[in-house]
Amino acid sequence: MTNENLGRDPEAFEAFYKRHVKRVTGFVARRVTNPHLVDDLTTEVFLAAIEGADSYRPTRGSEGAWLIGIARNILANERRAAARRADKALRHAGRRPLDADDISRLEEQIDAERAATALFKAISGLAPGPRAVIELVDIDGLTVTEAATALRIPPVTARVRLHRARQQLKGVPIGPQTDFEFVREAT
């Protein structure tokens with residue numbers, strides 16, 4: 001096999017394919033029972049061989065061995081994907097469909113959270129320290145002292161970070177419900 005020709009020369013690929021298709025199909029068919037999947041995976045093996053033709057080294061083994069290595073990787077990827085699909089199906093199997101009341105309630109909650117969503121968008125450009133404090137205080141409703149405790153910083157540091165974050169956000173349009181002009185304090 002000449003690496004350069006496999007992907008560019010249809011006749012070279014056809015000869016390569018004819019030499020190895022039975023072996024690759026057999027390898028896949030011994031491991032997969034669905035004939036459509038056998039065909040799909042065999043096709044994927046040869047597509048990967050075209051894409052990776054320049055990685056083939058005759059000194060490391062035969063073309064057939066190289067293709068079987070590709071087939072093993074393709075099968076492993078398929079098994080992982082099938083496991084993810086099965087896991088997803090199991091997770092969704094126990095869920096009940098939403099009725100109109102559920103949808104209405106969720107839409108109300110989404111509307112109520114719009115200001116917080118806008119705030120998250122606005123604060124994404126802040127440094128991590130001030131951003132963490134403003135999230136905990138202005139979005140999650142903690143007091144400055146509680147936020148300081150959660151972040152394991154002194155309360156005065158939390159107040160300074162909150163003040164700086166609010167100063168940076170002054171004039172940023174984030175929605176009607178968010179007011180950066182107050183500081184909650186523990187009672």
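Quick note: residue numbers are just sequence positions, from 1.
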Before giving the answer on side chain to side chain contact (heavy atoms under 4.5 Å, CB included), spell out for Phe27 and Arg72 the whole-Å C-alpha distance, their side-chain angles and the decisive distance to 0.1 Å.
CA-CA 9 Å; Phe27 178 85; Arg72 286 175 45 88; 3.4 Å; yes
Dump the intermediate steps for side chain to side chain contact (heavy atoms under 4.5 Å, CB included) on Glu146 and Leu136, then the final yes or no.
CA-CA 9 Å; Glu146 292 168 333; Leu136 291 173; over 6 Å; no
Quick one: do Leu41 and Val45 satisfy side chain to side chain contact (heavy atoms under 4.5 Å, CB included)? Show the steps, please.
CA-CA 6 Å; Leu41 294 175; Val45 169; 5.5 Å; no
Would you sort out whether Phe16 and Arg19 count as a side chain to side chain contact (heavy atoms under 4.5 Å, CB included), showing the intermediate values?
CA-CA 5 Å; Phe16 176 79; Arg19 277 195 312 274; 3.6 Å; yes
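Hydrophobic clustering places Ile68 together with Ile70 (ILVMFWY residues linked when any side-chain heavy atoms are closer than 4.5 Å, directly or through intermediates). Linking ILVMFWY residues whenever their side-chain heavy atoms come closer than 4.5 Å, directly or via other members, leaves Val137 and Val160 in distinct clusters. By the criterion of side-chain heavy atoms lying less than 4.5 angstrom apart, applied directly or through intervening Ile, Leu, Val, Met, Phe, Trp or Tyr residues, Val38 is grouped together with Leu75 in one hydrophobic cluster. Ile74 and Leu47 are not part of a single hydrophobic cluster, where members link through side-chain heavy atoms under 4.5 Å apart.
Considering all non-hydrogen atoms of both residues, Leu142 and Ala147 come closest at CB-N, 4.2 Å. Of all heavy-atom pairs spanning Ser55 and Trp66, the tightest one is OG-NE1, 3.8 Å. Contact detail for Val144 and Pro155: the closest heavy-atom pair is CG1-O, 4.0 Å. Between Ala49 and Leu67 the shortest heavy-atom distance is CB-CD2, 3.6 Å. When all heavy atoms of Arg161 and Pro130 are compared, the pair lying nearest together is O-CB, 3.7 Å. The two residues Ile123 and Arg131 come nearest to each other via the heavy atoms O-CD, 3.4 Å.
Between Glu78 and Asp40 there is no side-chain heavy-atom pair separated by less than 4.5 Å. Arg23 has its side chain out of reach of Glu63: every pair of non-hydrogen atoms, C-beta onward, lies at least 4.5 Å apart. Using a 4.5 Å cut-off on side-chain heavy atoms (C-beta onward), Ile153 and Val133 make contact.
Atom CG in Leu106 sits 11.0 Å away from atom CG in Asp101 (nearest 0.5 Å). Here the straight-line distance linking atom CG of Leu169 with atom CD1 of Ile134 works out to 5.0 Å at 0.5 Å rounding. Glu51 CD to Glu44 CD: the interatomic distance, rounded to the nearest 0.5 Å, is 10.0 Å. Annotation: the span from Glu135 atom CD to Leu126 atom CG amounts to 9.0 Å, rounded to 0.5 Å.
Judged purely by atom type and a 3.5 angstrom limit, Asp39 has no side-chain atom pairing as donor or acceptor with the backbone of His36. Using a distance-only test at 3.5 Å, with no hydrogens or angles considered, no donor-acceptor pair links the side chain of Ser104 to the main chain of Ala100.
Partners of Arg30 by salt bridge (charged side-chain N to carboxylate O under 4.0 Å, His left out), not counting sequence neighbours: none found.
For the pair Arg84 and Asp87, the salt-bridge criterion is not met [side-chain N within less than 4.0 Å of a carboxylate O].
Within 6.0 Å of atom CZ in Arg164, 12 or fewer heavy atoms from other residues, nucleotides or ligands are found, so the atom counts as exposed in its surroundings.
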